[in-house]
Visitor: 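Here you go, one structure.
Scope of the values below: all heavy atoms of this structure, side chains included, with no hydrogens, waters or symmetry mates. Reminder, nothing fancy here: chain letters follow the sequence lines and each chain counts from 1. Everything numeric in this text was worked out from a predicted model, so none of it was measured.
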2 protein chains.
Amino acid sequence: MDRRATEKDDETSAKERPTLKTLAFMTGLGVTTVSRALKDAPEIGAETRRRVQLVAKQIGYRPNRAGVRLRTGKTNVISLVLNTEHEIMSFVSDIIYGVTEVIADTPYHLIVTPYSRSQDPLDPVRYLVETGSADGVIISRTQPNDPRARYMLERGIPFATHGRTDMGLVHPYHDFDNYAFAGEAVRHLAGMGRRRLALVTPPVGLTYYGHTVNGFADALSEVGASEVPFNTVSIDHTIEQIRMRTAQLMRRDDRPDGIVSSAAAATLAVVAGIEDAGLKLGRDVDVVSKQSSELLHLFRRELLVVNENFRLAGSELARAVLGWIGGADPGSLQSLSTPGEVQAYRG
Amino acid sequence: MDRRATEKDDETSAKERPTLKTLAFMTGLGVTTVSRALKDAPEIGAETRRRVQLVAKQIGYRPNRAGVRLRTGKTNVISLVLNTEHEIMSFVSDIIYGVTEVIADTPYHLIVTPYSRSQDPLDPVRYLVETGSADGVIISRTQPNDPRARYMLERGIPFATHGRTDMGLVHPYHDFDNYAFAGEAVRHLAGMGRRRLALVTPPVGLTYYGHTVNGFADALSEVGASEVPFNTVSIDHTIEQIRMRTAQLMRRDDRPDGIVSSAAAATLAVVAGIEDAGLKLGRDVDVVSKQSSELLHLFRRELLVVNENFRLAGSELARAVLGWIGGADPGSLQSLSTPGEVQAYRG
DNA sequence: TTGGCAATCTGTAACGTTTCAGTATACTGA
DNA sequence: TCAGTATACTGAAACGTTACAGATTGCCAA
């Protein structure tokens, strides 16, 4: 039993959210005109346009997302697809903050779409595309031959990858130059006289695993140092596993005198393992590690660090997706972040 | 120039996403009947209902969110409102994972709504409510007299707070028992013979600041220990500030021999400060700290820790909001997480 | 036979937006 | 004068869903 009038509704009810109809009534124009005036369509008179926009601003008109979405299919949503088990901790918050920073003054919302180890990583992406839940997607844990990227490219939905692919397909990405990182790390250790180096790799299968391994290997031969294989762990392993295996490694006769680590959390475990083996950081072995927040130097001042800025990554990824949505050339929306120098502790 | 037929559209186009109309055509029923059959309305014959649901499942029908939202106002969205500057790192990812875990098998999406230091914390909440962008909201950094909670209560939108309020108003929350934590920490330190204790507090103004301070004070008088005031920092301060001020504190004659810290990141800085002052953890001073991931024992094995599970918090908060949305009594959707025992390093 | 009623099913309208296909008016050029 | 056209505006329809107000059928009691 709705007792409200049907036509004059917008006039009387000050409490309801204003719609185009409200604006039309207030300005004495048609709904269509108001709609077009708000988006600066050329066939609307300049004065009318100003008038409508003024009134709209005054009464705080905001387009109804559901209406727009139903009519046009535009969701004004960016989805960040995350693995809820593997993603490194601070990684996630920083990326999210980076993304929100960029979309803050756009009509876009950020939705977080999770998937777990048990699932096919393609599942969440398929869901998003099939249900048309987002205008753009950001994925991480990118693989050289990434089915998700291929799928989205086929379906024509804008996306950006954190990390590069290697399929001969062009799409926006942001990546940290892990080849350069590993190289710098090796050169730095070599410069300190370290000669037998081990690498704690990224997860096997991800693109930057290859970049890191190659950067490591190339620099090794460049400086004439040798590699101590340490293939039993990657940064995806648990703290306990990394710690234990590092301890094993460090108890061997042919133990490394330098270690390069691809993630801060792993580095904590590596150092624990080193100390479990009765060795001392900075004396028996040096460690260069990536980190995304300035914590490692508090942990052990002997650690050597290279910073990776995930907040920046988030911003770049958001910019890339928005750019693609906006019609820019996907090939122009690729960026690579160069690592800074290896930093020792400064008093 | 759309050349497709108007009526038989659903019959021919196998590529389009199925709608109620598609189902209606396939089953030979009316759109209304299909709609009701899918939601188990009682006035639909049992067999029809089964038939419709079968076909719907077969062709992978999924209701169009925009259609539902436009018609009913239901968004199927939960919004997590985050401060992009203050929130502790791993905190955020864990909460998000906890939330997504719970909403995974519901139609809900999670959107992240950020706000920054410069803004009124009420802004994002007001935006969500005014635009009807979410069915439920989760907020953190809860204050005793929290305008956001008051606002949402007035507007009748379901929400849950991470942390309690103290306004005499009833609403769902999840909280960690910081009163108990601080008390346990003090008792543990006292049990080790520590007598002069300092507290690194939560941010002043948040509800759990009070809980922590009270737990600390009550336990102090219970065990007959004394407090060394350390009001110049809270866990919201920067690593550098905390480190410097801890060093200052520890150089004084009346320095504490025990410290209770409310967050892991702050603890790193505290320990650095202690060592800057030339003192040794475990000998000159003991530190009990909360942590949300098992890192502190890698950092210094002398540290004493109490775990706070943010993933659990996320799950509980999500459950609470969904419960309220589902019509449950808000008063029944409150939970308090009891801290475990203070843990020393175990081999 | 008829009226009443329960059980099932259905068409229409509406949510707020944009697109399509106009209409009305005034101005232009010949 | 008149057609032609540019300018400024408008109503109706459609996106997919649900609520409302029926419609149809069969059955039972009187």
Visitor: Looking at the side chain of Thr33(A), which of dC20(D), dT17(C), dT10(D) is the nearest nucleotide?
Guide: dT10(D)
Visitor: Near DNA chain C, counting only heavy atoms under 4.0 Å, which residues of residues 57-76 of chain A show up?
Guide: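 Hits under 4.0 Å, by residue number: Tyr61(A), Pro63(A), Asn64(A), Gly67(A), Val68(A), Arg71(A), Thr72(A).
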Visitor: Restricting to side-chain contact (heavy atoms from CB on, under 4.5 Å), what partner residues turn up for Ile138(B), sequence neighbours left out?
Guide: Ile78(B), Leu80(B), Val99(B), Leu317(B), Val321(B)
Visitor: Is there any salt bridge (charged side-chain N to carboxylate O under 4.0 Å, His left out) pair reaching into residues 119-138 of chain B, and which pairs are they, with sequence neighbours excluded?
Guide: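 Non-adjacent pairs meeting salt bridge (charged side-chain N to carboxylate O under 4.0 Å, His left out): Lys74(B)-Asp135(B), Asp123(B)-Arg126(B).
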Visitor: Whether Ser35(B) contacts dT17(D) is assessed here as follows: a side-chain N or O lying under 4.0 Å from the phosphate OP1 or OP2. Is that the case?
Guide: no
Visitor: Rounded to whole angstrom units, what separation is found between the CZ atom of Phe25(B) and the P atom of dT10(C)?
Guide: 14 Å
Visitor: Applying ring-ring contact (aromatic ring centres under 6.0 Å, His included), which residue pairs with at least one partner in residues 117-138 of chain B are found, sequence neighbours left out?
Guide: His109(A)-Tyr127(B)
Visitor: Could you list the residues that satisfy side-chain contact (heavy atoms from CB on, under 4.5 Å) with Ala320(A), not counting sequence neighbours?
Guide: Ala160(A), Pro172(A), Leu333(A)
Visitor: Rounded to whole Å, please give me the gap between CG in Leu23(A) and P in dT18(C).
Guide: 12 Å
Visitor: Tell me the interatomic distance from Glu16(A), atom CD, to dA14(C), atom C1', rounded to whole angstroms.
Guide: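 It is 14 Å, rounded to the nearest whole Å.
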Visitor: Using rotation axes that map the C1' atoms of four end pairs onto the next four (five pairs an end), what angle separates the end axes of the helix from dT1(C)-dA30(D) to dA30(C)-dT1(D), to 10°?
Guide: 60°
Visitor: Is a side-chain donor-acceptor pair under 3.5 Å present for Arg69(B) with Asn76(B)?
Guide: no
Visitor: Using the test side-chain contact (heavy atoms from CB on, under 4.5 Å), find all partners of Asp175(B) that sit at least two apart in sequence or belong to another chain.
Guide: Arg164(B), Tyr173(B), Asn178(B), His211(B), Leu336(B)
Visitor: So which of residues 38-50 of chain B are in contact with DNA chain C, with a heavy-atom cut-off of under 4.0 Å?
Guide: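 Output list: Glu43(B), Ile44(B), Gly45(B), Thr48(B).
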Visitor: Under the rule for ring pair (Phe, Tyr, Trp, His ring centres under 6.0 Å), what residues qualify as partners of Tyr151(A), not counting sequence neighbours?
Guide: none
Visitor: Of all residues at least two apart in sequence or in a different chain, which pass the side-chain contact (heavy atoms from CB on, under 4.5 Å) check with Ser35(A)?
Guide: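 Testing Ser35(A) for side-chain contact (heavy atoms from CB on, under 4.5 Å), a comparison that skips the adjacent residues, returns Leu20(A), Lys39(A).
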Visitor: May I have all residue pairs that pass side-chain hydrogen bond (donor to acceptor under 3.5 Å, both in side chains) and include part of residues 45-60 of chain A, sequence neighbours excluded?
Guide: Asp40(A)-Gln53(A)
Visitor: What residue pairs, at least two apart or across chains, pass side-chain hydrogen bond (donor to acceptor under 3.5 Å, both in side chains) with a residue in residues 318-332 of chain A?
Guide: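 Applying side-chain hydrogen bond (donor to acceptor under 3.5 Å, both in side chains) to every pair that reaches into residues 318-332 of chain A, excluding sequence neighbours, yields nothing.
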Visitor: Between the base of dT17(D) and the side chain of Thr19(B), is there a donor and acceptor pair under 3.5 angstrom?
Guide: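 Side chain to base: no pair present.
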